[in-house]
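Heads up: numbering here begins at 1 and tracks the sequence.
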Amino acid sequence: MSARLGLEIASNSVASALAAQAGGADRIELFDNLAEGGTTPSFASIAIARERLQIPLFVLMRPRAGDFHYDALETELMLRDIAQCRALGCDGVVVGALDARGDIDLALCRELVQAAGPLQVTFHRAFDATRDLPAALEQVIGLGCQRVLTSGGQVSAEAGSNVLASLVAQAAGRISVMPGAGLGPSNIAGVARQTGCRELHASAKALRRSAMQFQNPVLCGLDPDWCQTSTATVAALRKALDADLLL
């Protein structure tokens, strides 16, 4: 390897985004609701992140948890959120939508990409839920997306390394195939080597313990602890990638 590999950090809050920047991230994907796979963050979160970050900021467009088959109302939500991201000066958006058969919803995705205008576009892990990854990759390329976030359709990027390598070969430089899911300091460099990918995506999350002295133990769904990006873990990811570059 001869050039620095890009490290995108999935950040579930402004605090996480700032922690990721401090640890050496090259780009932020900002979202909410990490436990549900991510949803679109609030206007204030996007605005403050844009004000305080010095690295590129991409924002997830996902109006709810669950599948990636969206109706007209959900489409309107995504289009308005994209418009807000453009107005706030974000660098990119992260989109994806499928039809009921498990193929890329080309009509909707074209609408989302067109709405993004000059912003870069990443196609998110809806890609992994498609029934034919090579065919889906060609469609995502045709949409004009700059990158696709994927685990190769497997539970983790490490498990999907062989598929990812095949997708990188198929892409032939037309789009960046960016591995994500289950990447940490111990395996990120190996996945980079095995796949030939030039950008990688990780959450670097760590559990934050509540400082509350009183906690009601019977409350269901109101766990006082939460996950937040760890600056130390991001730094370890960066170190692992940079050390591998020297080999």
Side-chain angles (χ1 to χ4, degrees), residues 8-14 16-17 28-46 49 58-85 90 92-116 121-133 135-137 139-140 143 145 147-157 159-160 163-164 167 178-183 201-203 205 207 219-223 225-229:
E8 178 179 273
I9 297 297
S11 302
N12 65 333
S13 65
V14 177
S16 285
I28 298 298
E29 182 197 358
L30 186 67
F31 59 91
D32 201 355
N33 294 316
L34 175 64
E36 295 184 318
T39 56
T40 304
S42 72
F43 173 85
S45 292
I46 301 168
F58 282 44
V59 181
L60 176 63
M61 298 294 117
R62 189 177 179 219
R64 57 162 171 80
D67 67 30
F68 303 101
H69 185 42
Y70 299 117
D71 62 21
L73 176 59
E74 291 162 339
T75 297
E76 184 177 359
L77 287 166
M78 289 188 285
L79 290 172
R80 291 202 185 190
D81 280 328
I82 289 172
Q84 293 285 11
C85 287
C90 296
V93 291
V94 183
V95 307
L98 307 181
D99 63 27
R101 298 181 303 276
D103 295 319
I104 304 292
D105 185 336
L106 288 174
L108 174 50
C109 288
R110 283 194 193 100
E111 194 173 3
L112 298 175
V113 171
Q114 289 171 0
V121 178
T122 297
F123 198 96
H124 59 52
R125 290 191 63 208
F127 178 83
D128 288 324
T130 62
R131 60 194 177 98
D132 186 333
L133 294 185
L137 181 63
Q139 291 177 322
V140 172
L143 288 168
C145 298
R147 61 187 54 79
V148 56
L149 172 62
T150 173
S151 63
Q154 301 300 311
V155 66
S156 69
V163 176
L164 289 165
L167 292 171
M178 181 169 61
L183 292 181
H201 172 101
S203 65
K205 62 182 180 292
L207 187 65
L219 296 180
C220 180
L222 294 176
D223 190 336
D225 302 327
W226 71 99
C227 284
Q228 184 174 305
T229 298

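Atom CG of residue D132 and atom CZ of residue R101 lie 13.0 Å apart, to the nearest 0.5 angstrom. The distance from atom CG of D105 to atom CZ of R110, rounded to the nearest 0.5 Å, is 9.5 Å. In this structure, the separation between CG on L60 and OG on S11 is 12.0 Å, given to the nearest 0.5 Å. Atom CZ of F68 and atom OG1 of T130 lie 10.5 Å apart (nearest 0.5 Å). Going from atom CG of L207 over to atom CD of Q228 covers 10.5 Å, rounded to the nearest 0.5 Å. The distance from atom CZ of R131 to atom CG of D99, rounded to the nearest 0.5 Å, is 7.5 Å.
The nearest pair of heavy atoms linking C85 to V93 is CB-CG1, 4.1 Å. Heavy-atom minimum distance, V140 versus F127: CG2-CD1, 4.2 Å. Nearest heavy atoms, L108 versus A97: CD2-CB, 3.5 Å. P63 and L77 make their closest contact through CB-CD1, 4.1 Å (heavy atoms, listed as atom of the first residue, atom of the second, distance). Counting all heavy atoms, side chain and backbone alike, S151 lies closest to D128 at N-OD2, 2.9 Å. Closest heavy-atom contact between P41 and I46: CG-CG1, 3.7 Å.
Checking side-chain atoms of T150 against main-chain N and O of G152 turns up a donor-acceptor pair under 3.5 Å. At distances below 3.5 Å, not a single donor-acceptor pair connects side-chain atoms of D81 with backbone N or O atoms of M61. Using a distance-only test at 3.5 Å, with no hydrogens or angles considered, a donor-acceptor pair links the side chain of S16 to the main chain of T229. Here the side chain of R62 pairs a donor or acceptor atom with the backbone of R64 at under 3.5 angstrom.
Side-chain contact between T122 and E29: absent, with no pair of heavy atoms (C-beta onward) separated by less than 4.5 Å. At a threshold of 4.5 Å between non-hydrogen side-chain atoms, the residues Q139 and C109 do not count as touching. Side-chain contact between T75 and E111 is present, with at least one heavy-atom pair separated by less than 4.5 Å. In this structure, I104 and L98 have side chains that are in contact, with non-hydrogen atoms separated by less than 4.5 Å. Two residues are said to be in side-chain contact when any heavy atoms from C-beta on lie closer than 4.5 Å; Y70 and M78 meet this criterion.
At most 12 non-hydrogen atoms from other residues, nucleotides or ligands lie less than 6.0 angstrom from CZ of R80.
For the side-chain contact (heavy atoms from CB on, under 4.5 Å) test, residues two or more places apart in sequence or in another chain that qualify with S203 are A10, K205.
The only member of F31, F58, F123 that meets side-chain contact (heavy atoms from CB on, under 4.5 Å) when paired with V94 is F58.
Listed by first and then second residue, the side chain to side chain donor-acceptor pair (under 3.5 Å) pairs involving residues 35-44 are N33-T39, S42-S45 (not counting sequence neighbours).
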